[in-house]
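What follows is a single structure, written as structure tokens, with notes after it.
All figures in this text were calculated on a predicted structure; none of them were measured in a lab. Every chain is numbered from 1, with letters handed out A, B, ... down the list of sequences.
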Amino acid sequence: MSELTLTVMRLGFLAVLWLFVIVAVQVIRSDLFGTRVTQRASRRAETGTRPPQQRQQAQATQRQQQPPQNNRARRGAPTKLVVAEGSLAGTTVALQGQTITLGRAHDSTIVLDDDYASSRHARIYPDRDGQWIVEDLGSTNGTYMDRNRLTTPTPIPLGAPIRIGKTVIELRK
Amino acid sequence: MSVISNTTTITSVGAPSRRNTELALLVFAVVIPVFAYANVGLAINGKLPSGMLSYGLGLTALATVAHLAVRKFAPYADPLLLPLATLLNGMGLVFIWRLDQSQRLIQLAKYEYGSFSPSTPKQLLFSALGVALFVGVLILLKDHRILQRYTYISMVAALVLLILPVFFPPVFGARIWVRIPGVGSLQPGEFAKIILSVFFAGYLMVKRDALALASRRFMGLYLPRGRDLGPILVIWGLSILILVFETDLGTSLLFFGLFVIMLYVATERTSWIVFGLLMSAVGAVGVTTFESQVQGRVNAWLDPFAVFTTGKGSDQVAQALMSFGSGGIFGTGLGQGHSDLIGFAANSDFILATVGEELGLAGLMAFLLIYGLIVERGVRTALAARDPFGKLLAIGLSGAFALQIFVVAGGVMGLIPLTGMTMPFVAAGGSSVIANWALIGILLRISDTARRPAPAPAPSPDAEPTQVVRVQ
């Protein structure tokens with residue numbers, strides 16, 4: 001057997017051995033079970049009729065970090081909207097410059113399952129400078145930031161709780 | 001630009017069963033040793049070895065049986081443990097076969113015993129027995145909590161297994177063997193580590209509160225009360241007795257180290273580790289001063305090359321160190337090393353030197369990582385297990401496995417004095433292979449219980465989507 005063949009086999013064997021180790025480590029990585037991120041639009045289609053208690057039970061306590069997708073975002077600008085309390089707790093929406101509508105109407109971005117929310121309750125949109133603004137759309141029970149009921153479109157500081165009925169949402173980085 | 005599809009929901013999910021992942025890895029784990037086998041044959045004889053087909057089929061059959069048993073009896077078990085163990089066992093067979101081909105070892109055996117018998121067929125038979133025991137554990141042990149009922153029976157059994165070798169003549173200086181006429185010899189320490197884990201898990205689960213809570217704080221450490229020191233003192237005394245009467249550092253270290261690890265995990269008190277280290281240091285130094293056999297091992301460890309000048313003792317450790325050295329980073333290639341110079345026990349206690357010489361540092365590290373992954377999966381199983389007994393048992397089994405690897409690898413590499421233990425799965429030795437397959441079987445059983453999705457909760461009447469009628 002030629003020296004060259006044996007050298008190739010020797011190095012090839014080490015490569016295969018290490019490939020096995022790396023594949024095994026990859027399996028461990030994919031085996032970290034616990035949470036799964038699903039698209040809510042498709043989920044609603046199949047489980048839209050489930051009562052809120054069950055949905056809440058299915059929601060994990062961990063919050064998955066959404067990768068920032070807006071490259072133009074300034075430093076310190078929020079990248080996602082997080083529902084912190086209420087039946088939708090744990091839901092996140094990536095902020096990509098689109099207007100987010102909140103309410104019980106089915107065409108809202110976040111459909112609130114909340115007795116105290118109006119059909120078209122509020123909207124959150126970026127102004128020309130990229131500052132996110134929350135505006136109450138004439139709801140019955142009002143939209144609150146901290147303790148104050150909003151009457152005019154108001155800029156949202158990072159992490160300030162916006163309360164609609166029993167639902168609290170925040171903007172986060 | 002889509003607006004709605006950015007909405008995401010995070011839900012908790014259970015682990016999927018991962019049996020197909022296991023199958024894919026298992027194919028990988030069978031192909032690698034067959035490749036190695038062909039490589040050895042090409043390097044030594046210049047042609048593919050004649051036994052290649054039967055060897056490959058044998059390993060495939062073992063892996064298939066084990067995989068089907070897991071699929072049937074432990075469908076949610078960890079996907080990595082079985083492929084890792086299969087790879088180690090297969091590679092072990094290749095290395096043992098490689099050393100069987102060595103003319104030097106054949107001559108040595110003929111000179112010492114008058115005849116030479118290859119170890120590979122025996123090892124293949126023991127592997128088959130091991131896999132049979134593995135399948136047996138999966139079939140018979142429906143729930144690992146059954147073992148909890150046998151806490152004190154397993155204490156007695158473990159003590160018997162540990163003490164039994166004292167009544168048999170020492171083999172090569174250490175009394176760790178039991179010789180059964182007509183059947184062969186047995187290393188009971190390998191089985192004792194599993195049975196001891198069962199006993200320690202059952203005992204500590206009951207006693208952990210007393211050991212953890214009743215303590216005084218002193219210099220940042222929680223000192224246990226005097227009377228709570230009882231168990232650790234008893235175990236320490238026993239391990240010292242093993243060291244004195246069996247003159248085997250490995251069993252003694254494994255026995256005591258396992259208890260300290262499980263005590264620490266059960267009580268979360270660092271002070272136990274401090275106590276354990278102090279006590280084992282005192283014991284080891286004390287025994288070494290007046291036990292000549294242990295003394296010889298320690299001297300061989302302190303100055304392994306002295307044997308070439310004084311001519312006293314064995315040159316095995318020195319030869320092993322030179323094997324590692326001549327292997328370098330990428331090794332000499334399978335079948336092209338000279339680790340057979342170690343002579344006696346080259347294919348059992350010292351097999352790691354062959355790995356180090358023929359696969360080099362790169363291959364040795366891969367082997368150690370594979371062992372590390374087995375331990376990691378065991379600890380992961382302990383984390384995922386829901387019942388305290390299962391947690392402690394999984395920690396105990398993986399802790400014993402890790403300690404054994406440390407003791408053997410450390411001994412061969414010259415980090416600690418050499419002991420008479422074998423590298424799990426790789427080294428030639430029936431007891432070791434059989435016991436470690438059983439250990440993997442129990443770990444798979446615990447991980448199956450831990451990863452099995454919880455049954456759906458019964459619908460509570462409050463959760464029904466009824467219309468709420470407000471009266472007021």
By a 4.5 Å heavy-atom criterion (distance strictly below it), what part of [X] contacts chain A: side chain, backbone, both, or neither?
| X | value |
| --- | --- |
| Leu334(B) | side chain |
| Met365(B) | both |
| Ala24(B) | neither |
| Leu25(B) | both |

* Mind ranking Val25(A), Leu19(A), Ile100(A) by heavy-atom pairs under 4.5 Å with chain B and telling me who comes out on top? =>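 When all of Val25(A), Leu19(A), Ile100(A) are compared, Leu19(A) has the most.
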**Message:** Hydrogens and angles aside, do Ser447(B) and Asp78(B) bring a side-chain donor and acceptor to less than 3.5 Å of each other?
**Reply:**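 Note: Ser447(B) and Asp78(B) side chains miss the donor-acceptor criterion.
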Going by side-chain contact (heavy atoms from CB on, under 4.5 Å), name the residues that satisfy it together with Tyr125(A), two or more places apart in sequence or in a different chain.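 Once residues adjacent in sequence are excluded, the partners of Tyr125(A) under the side-chain contact (heavy atoms from CB on, under 4.5 Å) criterion are Thr99(A), Arg123(A), Ile133(A), Glu135(A), Pro153(A).
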| query | Do you know which of Thr332(B), Thr21(B), Leu359(B) has the most heavy-atom pairs under 4.5 Å to chain A? | reply |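 Highest number of pairs under 4.5 Å: Leu359(B).
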Report task. Using atom types as modelled and distance alone, determine if a side-chain donor or acceptor of Arg377(B) lies under 3.5 Å from a backbone N or O of Leu81(B). Result ->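 Answer holds: no.
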Please say which of Thr86(B), Leu88(B), Leu93(B) ends up in a side-chain contact (heavy atoms from CB on, under 4.5 Å) with Phe425(B).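 Answer after filtering Thr86(B), Leu88(B), Leu93(B): Leu88(B).
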How would you list, by chain and number, every residue that makes a salt bridge (Lys or Arg N to Asp or Glu O under 4.0 Å) with Arg120(A), sequence neighbours excluded?
->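 By the salt bridge (Lys or Arg N to Asp or Glu O under 4.0 Å) rule, Arg120(A) matches Asp107(A).
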Taking salt bridge (Lys or Arg N to Asp or Glu O under 4.0 Å) as the definition, give me every residue that meets it alongside Asp448(B), ordered by chain and number, with sequence neighbours left out.
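Listed in chain order: Arg445(B), Arg452(B).
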Checklist entry - chain B heavy atoms under 4.5 Å from Leu11(A): which part of the residue, side chain, backbone, both or neither? => result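 Side chain only.
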Of the non-hydrogen atoms in Pro155(A) and Met145(A), which two are nearest, and what is the gap between them?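 Here Pro155(A) and Met145(A) meet closest at O-CE, 3.7 Å.
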Problem set entry | Residues in residues 30-40 of chain B that sit under 4.5 Å from chain A, counting heavy atoms only |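 Contacts with chain A: Ile32(B), Phe35(B), Ala36(B), Asn39(B).
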Over 60° means perpendicular and under 30° means parallel, so tell me whether Phe401(B) and Tyr371(B) are parallel, tilted or perpendicular.
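Taking Tyr371(B) first and then Phe401(B), their aromatic rings sit tilted (interplane angle of 30° to 60°).
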Quiz item: side chain to side chain contact (heavy atoms under 4.5 Å, CB included) between Gln98(A) and Val93(A): does it pass, once the steps are laid out?
Solution: CA-CA 11 Å; Gln98(A) 81 279 24; Val93(A) 182; 4.2 Å; yes
